Undergrad: 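This structure is in structure tokens; I'll ask about it shortly.
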Amino acid sequence: MEQISYKQAQRRYIRIFWPVMAVYIVTCFAGPTLIGFVEPQPMWFKPVIAILTATPVAIVFWLLLRNVRETDEYVRSQMVSAILPAAAITLALTTLWGFMEMYGVVTLPERVSAMFFVSPTFFALWSIIHCINNARPQ
Amino acid sequence: MKNTLKELRKDRGWSQGDLADQLSVSRQSVNAIETGRYDPSLPLAFKIARLFGCGIEDVFQEDD
């Protein structure tokens with residue numbers, strides 16, 4: 001497969017990323033509104049709302065994987081050098097949190113799920129590690 | 001590895017962005033190669049040498 005240019009890879013990423021994020025923001029607000037508004041609710045209603053809300057996030061992760069494949073070799077190595085440790089630390093932290101919750105050491109307010117913090121934790125760590133990698137002398 | 005990429009680029013009056021466009025890579029890649037922070041893959045190294053019309057050893061040399 002012929003490698004596309006860096007600029008084409010970025011355009012392909014941005015072209016889908018922003019519309020998908022717009023849909024995500026809309027569903028984040030529309031979902032709870034619909035759940036509060038629609039009565040009676042069929043059994044499939046809340047699961048479908050949850051899936052529709054989560055789907056844009058899944059698409060962003062797919063876009064990310066595609067961008068890693070399509071971007072140029074240097075940017076790909078930079079991304080992978082930050083994504084892998086970010087994923088490892090996120091998995092370690094979420095595993096720790098799971099055990100802490102299980103043993104009653106930590107609790108979250110009702111209706112707040114710890115799962116919501118996984119993606120933001122990963123992206124925050126990715127950004128921090130990317131900055132650290134760039135600041136280190138080669 | 002050492003390289004003469006910056007000199008070759010400046011001889012032609014190209015910016016890093018111009019060279020990046022010609023190689024279909026990012027400007028960050030060009031900068032990283034020029035400053036020695038990144039050694040390109042063989043296909044990219046050959047592409048660079050072909051662009052400047054010289055041999056690959058004329059662009060890239062081993063560190064002493």
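Computed from a predicted model, the values in this text were never measured in an experiment. Heavy-atom basis, side chains included; hydrogens, waters and symmetry copies ignored. Order of the sequence lines fixes the chain letters, A, B, ..., with proteins taken first and strands second; residue numbering starts at 1 for each chain.
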Undergrad: Is there side-chain contact between B:Tyr38 and A:Gln78, with heavy atoms separated by less than 4.5 Å?
TA: no

Undergrad: Can you say whether A:Ser77 sits under 4.5 Å from chain B via the side chain, the backbone, both, or neither, judging by heavy atoms?
TA: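 For A:Ser77, side-chain heavy atoms alone lie under 4.5 Å from chain B.
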
Undergrad: If hydrophobic clusters are built by linking Ile, Leu, Val, Met, Phe, Trp and Tyr wherever their side-chain heavy atoms come under 4.5 Å apart, do B:Val59 and B:Leu42 end up in the same one?
TA: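 B:Val59 and B:Leu42: one cluster.
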
Undergrad: CD of B:Gln28 to OH of A:Tyr6: how many Å apart, nearest 0.5 Å?
TA: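 So the CD of B:Gln28 and the OH of A:Tyr6 are separated by 4.5 Å.
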
Undergrad: Give the C-alpha distance, both sets of side-chain angles, the deciding distance and a yes or no for side-chain hydrogen bond (donor to acceptor under 3.5 Å, both in side chains) between A:Tyr74 and B:Arg37.
TA: CA-CA 10 Å; A:Tyr74 173 70; B:Arg37 284 186 291 120; 3.0 Å; yes

Undergrad: Following the transitive rule for hydrophobic clusters with a side-chain heavy-atom cut-off under 4.5 Å over Ile, Leu, Val, Met, Phe, Trp and Tyr, establish whether A:Tyr24 and A:Ile16 coincide in one cluster.
TA: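 Linked, A:Tyr24 and A:Ile16 end up in one cluster.
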
Undergrad: Does a side-chain heavy-atom distance below 4.5 Å link B:Pro40 with A:Glu73?
TA: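 Yes - at least one pair of side-chain heavy atoms lies under 4.5 Å apart.
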
Undergrad: Is there a chain of hydrophobic side chains (I, L, V, M, F, W, Y, each step under 4.5 Å between heavy atoms) that links A:Leu84 to A:Phe61?
TA: yes

Undergrad: What's the separation between atom CD in A:Gln10 and atom OG in B:Ser26, rounded to the nearest 0.5 Å?
TA: 8.5 Å

Undergrad: In terms of hydrophobic clustering (I, L, V, M, F, W, Y; side-chain heavy atoms under 4.5 Å; direct or indirect links), are A:Ile14 and A:Val75 co-clustered?
TA: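 A:Ile14 clusters together with A:Val75.
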
Undergrad: Please identify each residue that fulfils side-chain hydrogen bond (donor to acceptor under 3.5 Å, both in side chains) with A:Arg12, with sequence neighbours left out.
TA: A:Glu70

Undergrad: Kindly check if the number of other-residue, nucleotide or ligand heavy atoms within 6.0 Å of CD (B:Glu7) is above 12?
TA: yes

Undergrad: Starting at CG of B:Leu23, measure out to OG of A:Ser5 and round the result to the nearest 0.5 Å.
TA: 11.5 Å

